[in-house]
Amino acid sequence: MCGVLGVSNIPNAARVVYLGLYALQHRGQESAGIISVDDDEVAHAHRRMGLVSDIFSPTVLDKLPGSVAIGHTRYSTTGSSELSNAQPCVVDYHTGPLALAHNGNLTNAAELKRDLVEKGSIFQTSSDSEVLVHLIARSEAREPEDQILDALERVEGAYTLVLTIGKALYAIVDPRGFRPLVLGKLNDGFVAASETCALDIIGATLVRELQPGEWMRIEDGRVHDLPPLPTKPHRRCIFELIYFARPDSEVFGESVDLVRRNLGRRLAREHPAPGAECVFSVPDSSNAMALGYSEESGVKLEHGLIRNHYVGRTFISPDQSTRTEKVRVKYNPVRGVVDGKSVVVVDDSLVRGTTSRALIKMIREAGAREIHLRIASSPITGPCYYGIDTPTRGELIASAHSVEQIREHLKVDSLGYLSLDGMHNSLTGSATGYCDACFSGNYPIATPDLESEASSVDIPIPAAVR
Ligand code: AMP
């Protein structure tokens, strides 16, 4: 999963992108980068592993001049977590530098990459996004926009892109619209960003959200709408609203906060916890859900778990042992809240069960008498192939275990998951066509091998190139 941002016709564009990337940090914490294009159409790049705050300094930003820039925060789904895969990527294109930042996952990248390598393409990275760059560069069409179209017609899967060719900025959303992208206005320029919270931080006003299949060229303070990509059934990612996006964002025409409250309310109706004395969230992603649960059930909302904000999302840990360790570092129960009580713990989702099992143990040790775990989404039974970093099917606790088996494993007194209908009915906007494949198994794109990990397209590259 990733955050992307592009700005056009704004002085010191890289500084604006830098600020915006701060607001998109939650979408990717492995690496970040900015590429600016100056008035002579020369590209300047800075990409590093780590957090936005550690990567950029005033000195670094001074070396990224120009009024056009794009940025990226990365959380790898395809391609390993290493500097060579940090984005945006940039290449010399015949009409100037071509830079690209991608959010999503191309489901036919491995196939396309093999084909391109056979035809002589030399890849610099193992990420799927570079496939797009090669496809654009190799297109036989004459005009850059036709070349982009050529490339987009060959890729399958999820792609939300900000792309520059020379000083032209393109904002693109794939025909199914898996990942969000919004257009904002700032002074004489425009901003395209993964989420509205990035517009807020830089003081831009929301113009509108891009619809599935929409793309546009932004240049010299003007937006040129381009003919939409061939229509496909819309498949907006429901997990963006459940977990991924920030609650202060508007995504797919929905207030993320409101949807999460609704999820909590419905959860309370579907799975009440009679006799419970308080309810609290696993902060922060479930805060709004616990609030909704409390409002609906009348059970008192408490802060039962405190989160240490200096630790990243636990899921990002590369292996299981550090993940378990990190849970302890990240959360601590408030003894005075839980001691001797029957408590409801609300979490947004259950993936491997690792975090929850460790958390439940801690809450029990802090004196809770009964623990009722409520999950504001359905059991995750399959991986995501469209850009969310979920583990393989085998690691997903709900892929092979019943709710009762999971309850026993987690050692909770009761466990309730929100139904699929409950999830969909929590949405309030007019957008239809959501992807819920990781919950329902209803995958919108037939991938060559649904059982193989998305990372199988991580084709090794020679050490010399790294
Ligand atoms: P676990 O108990 O190990 O299954 O972890 C569940 C926690 O992981 C929940 O609190 C979610 O908020 C969080 N989570 C769910 N999906 C993801 C994801 N793709 N990346 C990071 N964290 C996630």
Side-chain angles (χ1 to χ4, degrees), residues 1 26-27 75-78 104-105 107 157-158 178-179 235-245 251 256 259-260 263-264 266-267 270-271 281-282 285-286 288-290 313-317 320 323-324 327 345-360 373-410 412 414-427 434-445 447 449-455:
M1 183 51 88
H26 62 292
R27 297 186 68 89
Y75 181 26
S76 56
T77 46
T78 296
N105 196 50
T107 50
F178 286 102
R179 308 277 150 229
R235 287 289 182 269
R236 298 170 172 94
C237 168
I238 200 163
F239 205 59
E240 287 274 351
L241 294 165
I242 291 169
Y243 169 78
F244 220 84
V251 165
V256 177
V259 169
R260 291 190 184 161
L263 289 163
R266 285 189 181 267
L267 186 60
E270 287 187 15
H271 297 285
S281 69
V282 177
S285 46
S286 321
M289 289 133 172
R313 289 184 168 190
T314 52
F315 217 80
I316 286 162
S317 312
Q320 196 72 19
R323 195 176 296 117
T324 312
V327 177
V345 182
V346 177
D347 206 348
D348 56 275
S349 55
L350 206 53
V351 185
R352 295 179 171 88
T354 331
T355 313
S356 311
R357 196 174 141 104
L359 268 176
I360 298 302
L373 182 61
R374 297 292 178 265
I375 309 295
S377 58
S378 300
I380 300 181
T381 50
C384 174
Y385 299 98
Y386 318 120
I388 300 268
D389 178 35
T390 33
T392 53
R393 192 176 301 271
E395 290 171 85
L396 292 167
I397 193 164
S399 71
H401 297 94
S402 66
V403 174
E404 176 53 20
Q405 286 171 326
I406 299 170
R407 186 199 66 73
E408 267 178 39
H409 172 77
L410 299 178
V412 287
S414 74
L415 170 64
Y417 281 97
L418 187 63
S419 65
L420 262 183
D421 278 351
M423 277 166 46
H424 285 281
N425 291 334
S426 297
L427 310 177
Y434 275 88
C435 177
D436 59 11
C438 56
F439 302 106
S440 66
N442 182 11
Y443 287 92
I445 303 170
T447 47
D449 180 4
L450 277 180
E451 278 308 311
S452 75
E453 270 193 87
S455 62

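The side chain to side chain contact (heavy atoms under 4.5 Å, CB included) check on Arg357 picks up His409, Leu410, Lys411, with sequence neighbours excluded. Glu270 pairs by the side chain to side chain donor-acceptor pair (under 3.5 Å) definition with Ser419, not counting sequence neighbours. Taking Ser440 as the reference, Asp436 meet the side chain to side chain donor-acceptor pair (under 3.5 Å) condition, with sequence neighbours excluded. With sequence neighbours excluded, no residue forms a side chain to side chain donor-acceptor pair (under 3.5 Å) with His401. With sequence neighbours left out, the side chain to side chain contact (heavy atoms under 4.5 Å, CB included) criterion links Cys438 to Ile380. Arg260 pairs by the side chain to side chain donor-acceptor pair (under 3.5 Å) definition with nothing, not counting sequence neighbours.
Checked by atom type and distance alone, the side chain of Ser349 never pairs as donor or acceptor with a backbone atom of Ser377 at under 3.5 Å. No side-chain donor-acceptor contact under 3.5 Å links His271 to the backbone of Leu415. Although no hydrogens or angles enter the test, the distance criterion places no donor-acceptor pair under 3.5 Å between the side chain of Ser281 and the main chain of Ala290. Judged by distance alone, with hydrogens and angles left aside, the side-chain atoms of Arg407 form no donor-acceptor pair with the main-chain N or O of Ser414 at under 3.5 Å.
For the pair Arg266 and Gly422, the tightest heavy-atom approach, listed with the atom from each and the gap, is CD-O, 3.2 Å. Smallest separation of non-hydrogen atoms from Thr390 and Cys384: OG1-N, 2.7 Å. Smallest separation of non-hydrogen atoms from Tyr434 and Arg235: O-CD, 3.7 Å. Closest approach of Leu267 to Gly416, counting heavy atoms only: CD1-O, 4.0 Å. Among all heavy-atom pairs drawn from Gly353 and Leu350, the shortest one is CA-CD1, 4.3 Å.
Residues Leu396 and Pro391 are in side-chain contact: their nearest non-hydrogen atoms beyond the backbone lie under 4.5 Å apart. Residues Ile388 and Arg179 form a side-chain contact, since some pair of their non-hydrogen atoms from C-beta on lies under 4.5 Å apart. Looking only at side-chain heavy atoms (C-beta outward), Phe244 and Arg27 come within less than 4.5 Å of each other. A 4.5 Å side-chain heavy-atom check between Met423 and Leu418 finds at least one atom pair inside the cut-off. Gln405 is not listed as a side-chain neighbour of Ile397, based on a closest heavy-atom distance of 4.5 Å or more. Annotation: side chain of Val351 is not in contact with side chain of Tyr243 (no heavy-atom distance under 4.5 Å). Here the side chains of Pro444 and Tyr386 are in contact, with some heavy-atom distance below 4.5 Å. Inter-residue side-chain proximity for Val345 and Leu359 is flagged as unmet; no heavy-atom pair is nearer than 4.5 Å.
Here Ile242 contributes atom CD1 and Ser378 contributes atom OG; the two are 7.5 Å apart, rounded to the nearest 0.5 Å. The distance from the CZ atom of Phe439 to the CG atom of Leu420 is 8.0 Å, given to the nearest 0.5 Å. Rounded to the nearest 0.5 Å, atoms SG (Cys237) and CE (Met1) are 5.5 Å apart. Distance check, rounded to the nearest 0.5 Å: CD1 of Ile238 to CG of Leu263 gives 7.5 Å.
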Worksheet entry | Steps toward side chain to side chain contact (heavy atoms under 4.5 Å, CB included) verdict (Tyr443, Thr107) | CA-CA 12 Å; Tyr443 287 92; Thr107 50; over 6 Å; no
